[in-house]
Amino acid sequence: MVRSVRGVQTLAIVLLTLVGIRAQAEDAPAKSQQQAHQFEAQVAPILSKHCLECHAAGKIEGGLNLSRKQTALAGGDSGKVIHAGKPDDSLLWTYIESDEMPPKRPPLSAEEKKIINAWIADGAVWTREVIDPGSHLVQQSSEVWVQRLTVAEYITTVQQVTGVNIASEAEQLLPADVRADGFSNTAYSQTIDLSHVQAYAELAQRIVAKMDCEEFAGRFTNCRSFDDACMSELIERMGKRVLRGPLAPWEVESYQQIAKAVQKEKGTYAEAVGYILEGMLQSPRFVYRIEQPSSDKPSQYELASRLSYILWGAPPSEDLIRLADAGKLQGAELAASVQRMLSDPQAKQRSSQFVHEWLELERLNSLRPNAKVYPAWSPALGSDMREETLAFFEEVAWQQKRPLADLLNAQVTVVSPRLASFYGLKATQGKPLAGARQTAGGSSGVVAFYDFSEAGGDIVHDRSRSDSSLYLKIQSPDNVRWTSDGLVVHKPTRIATTEPPYAMLTALRKTNQITIEAWITPQNLQQEGPARIVTFSHDTSNRNFTLGQEKKKYDARLRTNKTDRNGMPSISSKDGQVKTERTHVVYTKNDDGVARLYIDGKLAAERKGLGDFSNWEREMVFGLANEVTGDRPWLGTLHSVAIYDRALSAEEVTVQFEPIRKYDLTGYPERGGILTQGSTLTLGGDNASMVSRGLFVLHELLYSHVGAPPPCVDTSPVATKKGLTQRGIAMERINNTSCGGCHSRFEPLAFGLEKFDGIGAFSDKDRFGNPLRDDGEIFLPGDDEPIKYDSSGQLMEILAGSARVRMGITRKLVQFAISRPLAASDQAMVEQIHQQAQANGGTYQAVMQAIVMSDLVQKFPTTETTR
């Protein structure tokens with residue numbers, strides 16, 4: 001009996017021992033994982049934030065490189081700085097504890113010091129071979145935020161769901177999206193205030209007012225009664241489309257109450273549908289992309305919404321909803337769906353939105369360089385630069401489907417004649433681009449230019465100058481309609497300057513030459529008078545010039561000392577040359593007194609013997625689509641209009657008819673890639689600052705950073721002068737012991753761009769005659785040795801071939817796709833996305849495919865909360 005008890009006791013002791021051993025075996029990995037998490041989530045971000053500015057590859061103060069495990073544990077000139085388990089013996093801790101490090105920067109907080117001390121005391125476990133500062137720029141966690149539709153997404157969603165174009169009203173009423181962390185779709189900045197609420201309510205009313213509600217309801221049900229079953233069917237089916245997923249029973253009941261209220265007030269079925277739609281269009285489910293996690297994966301409908309807004313910036317299509325209904329958005333069917341979506345034109349439009357935001361192209365709308373230093377600048381040139389970058393991206397990423405890194409060195413561009421001339425490219429060497437947007441004002445000598453891109457309001461802005469002397473006032477705003485392709489004049493109105501445009505008058509009288517260029521679409525072939533398309537006049541019988549439509553022909557009148565005060569005899573095209581389609585009409589008069597009229601790039605009429613403008617009257621008004629007295633209205637669409645102070649040649653008119661051209665830049669070694677385009681070069685400001693340009697490369701391409709300058713430092717831009725270039729100014733900062741540590745990391749990145757001035761013109765000398773250089777050497781983040789280059793072209797090749805740049809572009813696309821900054825916890829997933837994309841060619845399509853198929857999109861974060 002005793003033996004049996006002892007046997008049981010012995011067995012129990014053995015079992016407990018085994019359990020203890022097993023518990024220890026299981027606890028060891030848990031502790032290791034905990035230490036790894038501690039280092040990667042807490043220690044590495046602190047080292048990145050406070051230490052790597054001075055102790056990393058490219059700058060190793062005291063011989064200590066803390067960016068790599070091997071070098072950090074080896075120590076520096078003073079020996080080992082980290083002694084595992086012994087904080088008090090570790091120089092890293094003692095310097096941090098005494099606030100000696102970092103120098104000239106705020107010391108570590110008490111909490112940060114506590115983390116470092118505990119980490120060393122716990123064994124100083126270092127789990128990553130390299131600490132990448134770019135992965136620790138954002139300290140917040142990878143939380144899931146509810147995402148409000150941006151203004152652009154709202155407009156597109158309304159258009160696709162209801163068929164209503166609400167663009168001009170939405171852009172007028174909705175507050176502009178706030179740009180945060182580089183993008184305006186950053187979820188945490190997309191708050192809603194009272195102005196949003198009021199705007200959504202008014203927009204919902206306007207949308208419904210433009211709809212045939214009964215016809216819209218017919219897409220979802222054939223039933224046309226207030227019967228509960230009928231209304232329930234309508235609300236469920238219509239709601240699934242409008243609100244991007246099935247409605248809960250309580251939601252159906254809520255919308256049914258609207259229908260019952262309308263019925264009680266003796267309203268019609270169509271009115272009930274309208275009020276229900278108004279409610280849905282103001283619903284949080286419409287305005288926000290709301291998700292309700294019930295597992296680690298989004299529902300099929302939530303996934304459909306994620307895919308569509310990431311790839312298209314638009315709501316799920318009906319086909320995508322049907323796949324969600326069937327539960328097929330998974331596996332091979334999901335992959336095939338993503339491929340189809342990337343082949344849709346909407347994917348190309350979404351990529352343009354990414355580029356527009358990534359490179360801050362909206363900045364060009366308000367850029368105003370010093371007119372005395374840069375007389376060649378005009379808002380129209382800025383618009384051309386923006387269009388160049390977007391067209392260039394489309395060419396490289398979509399037409400040629402090249403790796404995205406080729407955006408840095410591709411020897412091709414797509415530009416207007418005006419920008420081609422500015423760059424020194426010959427217009428005739430370019431290849432006309434099929435399907436490109438055509439616009440007036442693409443050559444030099446513009447004194448007035450209107451592209452009607454305001455999207456709303458009662459003012460048409462002159463884009464050729466910084467002042468408002470040639471702004472046009474729309475007398476009856478309700479008689480026009482703003483579109484993305486111009487101003488539709490559907491009822492007679494007066495669109496004219498409020499004062500005589502003396503600047504234009506003076507410029508034209510000085511040269512005794514003129515070109516009137518207009519892209520228009522006439523509404524009909526019965527307009528006569530002639531109906532004034534463009535006019536500079538006093539009344540129906542007194543003018544300086546007019547371009548008009550006389551039923552089926554175009555007519556131009558110009559006052560000279562050889563014509564009468566009404567500009568007669570006029571010059572007219574042949575009958576039948578007016579068509580109700582987009583048309584390019586150009587009238588020129590040169591210094592020899594020869595007037596010519598061109599229709600769609602071809603000569604239509606000519607008159608000789610015209611004199612000069614010495615008899616022009618000063619007190620006349622400039623206007624569009626009507627005589628200034630309001631009695632010769634023209635109806636149609638004004639796409640763009642330009643007035644020049646010179647006569648365009650026949651060749652120029654032909655080029656203007658096909659204005660956007662693609663250029664092979666192999667013969668222009670200074671150009672090639674986004675960094676040599678005006679849109680990015682203007683980031684340097686009037687002084688072509690090496691600081692601004694270098695920081696752009698560091699932040700936007702190399703995902704690295706430097707600390708802010710100390711508060712006492714004067715950061716005012718330093719202007720060049722005789723004997724001092726921007727490079728010389730940069731070298732003074734780099735050689736300064738207080739400044740050089742940071743400035744040496746980013747200003748050399750811009751040395752290769754010194755020959756480009758503040759607005760992107762290329763020259764071997766600056767305006768003071770100082771010779772300029774484009775050679776240098778750069779440290780790419782993470783590299784131990786600098787890379788030399790002899791020209792801007794070589795710099796572009798280095799950047800295009802850099803693995804760091806390739807990863808930088810991937811990170812930007814991931815951030816834009818998931819609508820939040822990347823946190824350190826995202827690093828492993830982003831690396832997987834990048835590797836997969838590079839294995840598939842590194843194209844835009846490959847990167848986006850990898851993003852939407854990754855766990856960042858296919859799953860919810862497992863340890864974070866939804867806000």
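Each residue takes its place number in the sequence, starting with 1. Just so it is clear, the values below take in all heavy atoms, side chains as well, and ignore hydrogens, waters and symmetry mates. Owing to the predicted nature of the structure, the values given are computational and were not obtained by experimental measurement.
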Next on the checklist: Using the rule given for side-chain contact (heavy atoms from CB on, under 4.5 Å), can you reason through L724 versus F768, listing the C-alpha separation, both sets of side-chain angles and the distance that settles it, and then say yes or no?
Outcome noted: CA-CA 9 Å; L724 184 64; F768 297 103; over 6 Å; no

Checklist entry - Does the side-chain contact (heavy atoms from CB on, under 4.5 Å) test come out yes or no for L66 and L64, once each step is laid out? => result CA-CA 6 Å; L66 291 174; L64 178 62; 3.9 Å; yes

Checklist entry - Which is it for V415 and I660 under the side-chain contact (heavy atoms from CB on, under 4.5 Å) test, yes or no, and what are the steps along the way? => result CA-CA 5 Å; V415 293; I660 307 299; over 6 Å; no

Next on the checklist: Between K755 and D764, does the side-chain contact (heavy atoms from CB on, under 4.5 Å) criterion hold? Intermediate values first, please.
Outcome noted: CA-CA 6 Å; K755 292 187 176 183; D764 290 321; 3.1 Å; yes

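No side-chain donor-acceptor contact under 3.5 Å links N185 and Y309. At a cut-off of 3.5 Å, with distance as the only test, a side-chain donor of T682 or R363 sits close to an acceptor on the other residue. Using modelled atom types and a 3.5 Å distance limit, the side chains of S792 and E670 yield no donor-acceptor pair. A side-chain N or O of S383 and one of R386 form a donor-acceptor pair less than 3.5 Å apart. Side-chain contact of S416 with E387: a donor-acceptor pair under 3.5 Å is absent, judged by distance alone. Side-chain contact of R693 with T680: a donor-acceptor pair under 3.5 Å is absent, judged by distance alone. Judged purely by distance below 3.5 Å, without hydrogens or angles, the side chains of T666 and D664 pair a donor atom with an acceptor atom. Between the side chains of E754 and T725, a donor-acceptor pair is found at a separation under 3.5 Å. Between the side chains of Q827 and E831, at least one donor-acceptor pair of N or O atoms lies under 3.5 Å. Between D774 and S791, the side chains place no donor N or O within less than 3.5 Å of an acceptor N or O (distance only, hydrogens not considered).
Counting only distance, with no hydrogens or angles, the side chain of T186 and the backbone of S189 share no donor-acceptor pair below 3.5 Å. Between the side chain of Q726 and the backbone N or O of V718 there is at least one donor-acceptor pair closer than 3.5 Å. Judged purely by atom type and a 3.5 angstrom limit, T156 uses its side chain to pair as donor or acceptor with the backbone of A152. A donor-acceptor pair is defined here as one N or O able to donate and one able to accept, closer than 3.5 Å; no such pair exists between the side chain of D775 and the backbone of Y789. Of the possible donor and acceptor atoms, one in the side chain of N840 sits under 3.5 Å from a partner among the backbone N and O of Q836. A distance-only check finds a donor-acceptor pair linking the side chain of N770 to the backbone of K721 [under 3.5 Å]. Y374 places a side-chain N or O within donor-acceptor distance of the main-chain N or O of G758, the cut-off being under 3.5 Å. In terms of modelled atom types and a separation under 3.5 Å, the side chain of T676 and the main chain of G673 share a donor-acceptor contact. With Q838 contributing its side chain and Q835 its backbone, the two residues share no donor-acceptor pair below 3.5 Å. In terms of modelled atom types and a separation under 3.5 Å, the side chain of D406 and the main chain of A410 share no donor-acceptor contact.
Partner of K812 under the side-chain contact (heavy atoms from CB on, under 4.5 Å) criterion, chosen from M807, E700, E357: E700. Exactly one residue among V355, V396, L404 makes a side-chain contact (heavy atoms from CB on, under 4.5 Å) with Y844. That residue is L404. No option in L390, L361, L367, D384 other than L361 meets the side-chain contact (heavy atoms from CB on, under 4.5 Å) test with S679. With F756 as the fixed residue, the ring-ring contact (aromatic ring centres under 6.0 Å, His included) test singles out one of F422, Y423, F762: F762.
Counting heavy atoms from C-beta on, the side chains of L749 and F696 never come closer than 4.5 Å. Using a 4.5 Å heavy-atom threshold, the side chains of R733 and V691 count as touching. Counting only heavy atoms from C-beta outward, the side chains of E651 and Q656 never approach each other to under 4.5 Å. Taking the side chain as every heavy atom from C-beta outward, R463 and S453 approach each other to under 4.5 Å. Side-chain atoms of L799 and R804, non-hydrogen and from C-beta on, never get closer than 4.5 Å to each other. The shortest distance between side-chain heavy atoms of D686 and I759 does not fall below 4.5 Å. Counting heavy atoms from C-beta outward, H55 and N65 have side chains that stay 4.5 Å or more apart. Proximity of I778 to V697: side-chain heavy atoms (C-beta onward) are nowhere separated by under 4.5 Å.
Interatomic distance, L683 CG to S692 OG, rounded to the nearest 0.5 Å: 7.5 Å. Rounding to the nearest 0.5 Å places CG of D344 at 13.5 Å from CZ of R350. With rounding to the nearest 0.5 angstrom, the OG1 atom of T810 is 13.0 Å from the CD atom of Q815. Within the model, atoms NE2 of H834 and CD1 of I809 stand 9.0 Å from one another, a figure rounded to the nearest 0.5 Å. L695 CG to M690 CE: the interatomic distance, rounded to the nearest 0.5 Å, is 13.0 Å. Between the CG atom in L307 and the CD1 atom in I851 there is a gap of 12.0 Å [rounded to 0.5 Å].
In this structure, A730 and E747 approach most closely via the heavy-atom pair CB-OE1, 3.1 Å. In plain terms, the two heavy atoms of P748 and H743 that are nearest each other are CD-O, 3.5 Å. Pairing each heavy atom of W312 with each of M341, the nearest pair is NE1-O, 3.0 Å. Closest approach of R661 and G430 over heavy atoms only: NH1-O, 2.9 Å. The two residues I729 and A719 come nearest to each other via the heavy atoms CD1-O, 3.7 Å. Residues S640 and F449 approach most closely at CB-CE1, 4.3 Å, considering heavy atoms.
Note on R179 versus E362: salt bridge recorded, some NZ/NE/NH1/NH2 to OD/OE distance being below 4.0 Å. The pair R820-D826 counts as a salt bridge, with a side-chain nitrogen and a carboxylate oxygen less than 4.0 angstrom apart.
Both tests pass for R727 against the ring of F751: distance under 6.0 Å to the centre and angle within 45° of the axis. Geometrically, R811 engages Y703 in a cation-pi contact, judged by NZ or CZ lying under 6.0 Å from the ring centre and within 45° of the ring axis.
Among residues two or more places apart in sequence or in another chain, the salt bridge (charged side-chain N to carboxylate O under 4.0 Å, His left out) test is passed with E395 by K662.
The aromatic rings of F183 and F354 lie parallel to each other, their planes meeting at an angle below 30°, with 60° marking the opposite boundary.
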